[in-house]
> 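Okay, here's the structure, questions in a sec.
Counting convention: from 1, in listed order, for ligands and their atoms alike.
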Amino acid sequence: MKGVNGIIDSHIHLYPPEATVDPSGWAKKRGEFYWPSLVMPKLGRRSSQGWVDLNRLLRDMDEAGVEKAVLLGWYWENHETCVNQNRFYGKCIQAHADRLMAFAAICPSSGAELSLTELEWSRDNGFIGVGELCPYVQGGSFDDRDWGAVFTWAMENEFIVNLHVSEPVGRNYPGKVETPLLDFQKMIEKFSELKFILAHLGGGLALYEANWAIRKTFKNVFYDTAASPLIYRRNVFGAVALSAGPDKMLFGSDYPLILYPKTESEPNLKRFVGEVKSSGLSQLEIAKLLRTNAEKVFGIS
Ligand SMILES: [Zn+2]
């Protein structure tokens, strides 16, 4: 590992500049109802969403020692919004190929034909995966033909799939959607050769890797740590290293989410990196989590 400069962040969200200027107006125009409910302040309470542009992202990456980041699509409810997001990401990765990678935004319930055409565009423009996806917001289910078509295409084209998973226990908060863990088990059994990243430590599925059946089926499944300071105590990293093993965890921040809203009003990538380093993991486990696992998953040499 190249010291702190070599960190790879597997879970970042940027939005097109028009969306950042007026999130609720932009979303309304596009028929996006879930996203503003998550990112806009409610009843006088601050939202945990931070707003940044590409330059600020690159500066914050520098400050935190993050060398490369994966720009993840959002689980938009409309195909056109996905296209808009992907064209924006296409420009970002073209301008900063040494720092940024991208996953395509896709809305499978808009129909397989539209999704596959967009996936082909994404592959041809340097994207390496698809997601975050979430049928519980986007419509349909993993069993649908349209969702199956996206997973089959991803398998044939060696695209990695990132899925949003919420933990079924704990407190309720904006962004927490019901994502029954059994649905993920069934779907992964069906697509066991496909490389999945389950976001947010798989809603706790990472801890279930101690289960024999999950261990066997989930051989191509990885877990990112996105938003974990909002959900888990710091000892979760050690717990996952024990249950799933240190090779299956990827550092992901969910930047520009504000991970420490009690004390901060701006995203702070550097602080999260510091917390991972002081979480009690061994030096080797930290190196795997912050870089080398991602190198393998994303094919970076
Ligand atoms: Zn997520």
> Okay, side chain of Asn268, backbone of Arg271: is any donor-acceptor separation there less than 3.5 Å?
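Here the side-chain-to-backbone pair exists.
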> Please name the atom of His164, limited to N, O or S, that comes nearest to the Zn ion (ligand 1).
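Relative to the Zn ion (ligand 1), the closest nitrogen, oxygen or sulfur of His164 carries the name ND1.
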> Is the Lys NZ or Arg CZ of Arg56 less than 6.0 Å from the centre of Trp51's six-membered ring, within 45° of the axis?
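No, Arg56 and Trp51 do not form such a contact.
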> Taking the Zn ion (ligand 1) as the vertex, measure the angle between atom OE2 in Glu132 and atom NE2 in His200; round to 10°.
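Vertex at the Zn ion (ligand 1): approximately 120°.
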> Please determine which of Phe142, Phe191, Tyr208 meets the ring-ring contact (aromatic ring centres under 6.0 Å, His included) test together with Phe184.
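So, applying the ring-ring contact (aromatic ring centres under 6.0 Å, His included) to Phe184 and each of Phe142, Phe191, Tyr208, only Phe142 qualifies.
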> Does His11 bring an N, O or S atom to under 2.8 Å of the Zn ion (ligand 1)?
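Checking His11: none of its N, O or S atoms is under 2.8 Å.
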> Hey, does Tyr223 have a side-chain heavy atom less than 4.5 Å from the side chain of Phe196?
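With C-beta onward as the side chain, the pair stays apart.
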